[in-house]
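Not measured: the values here are computed from a predicted model. Positions are given from 1 along the sequence.
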Amino acid sequence: RAILGVGGGMLVYRWILWLAGVGFRRRVAAAALAGAGSTVIVGVAVAVELALSDTVPLAPALVAVGGGHALMGIGEGVITATTSHQSAYG
């Protein structure tokens, strides 16, 4: 799951920069969306693992785990954007 989170976040970041172009504000926005996206990717992976192990059906697992990680992803995106901006301006 750690590889999915980091790898997925990096792919989201690079994809957004490819679409939007390079610039300071675009990099901060891309970092925020990648932080949020990586959190959701990990949540969905956990839900799929739970479903594959016959612990919980997939739909409720996606709602519970994926939805919870989507909410956490909002916070992660805000933290990532804030730290990206602060690190650039010291």
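Taken together through direct or relayed side-chain contacts under 4.5 Å among Ile, Leu, Val, Met, Phe, Trp and Tyr, Val63 and Val44 form parts of separate hydrophobic clusters. With hydrophobic clusters built from ILVMFWY side chains whose heavy atoms lie under 4.5 angstrom apart, Val12 shares a cluster with Leu19. Under the 4.5 Å side-chain contact rule for hydrophobic residues, Val48 and Val65 do not share a cluster. In terms of hydrophobic clustering, with Ile, Leu, Val, Met, Phe, Trp and Tyr side chains grouped at heavy-atom distances under 4.5 Å, Leu52 and Leu4 are assigned to different clusters.
Taking all atoms of both residues into account, the shortest heavy-atom contact from Gly73 to Ala36 is O-CB, 3.2 Å. The shortest heavy-atom contact between Ala31 and Tyr13 is N-CD1, 3.6 Å. In this structure, Val28 and Ala81 approach most closely via the heavy-atom pair CG1-O, 3.7 Å. The two atoms that bring Ala51 and Pro57 nearest to each other are CB-C, 4.4 Å, heavy atoms only.
Taking 4.5 Å as the limit, every side-chain heavy atom of Met10 sits out of range of all side-chain heavy atoms of Val6.
Atom-to-atom distance recorded for Leu17:CG and Arg26:CZ is 9.5 Å, nearest 0.5 angstrom. Expressed to the nearest 0.5 Å, how far OG of Ser84 lies from CD1 of Ile79 amounts to 11.5 Å. The line from OG1 of Thr39 to CD of Glu76 is 4.5 Å long, rounded to the nearest 0.5 Å.
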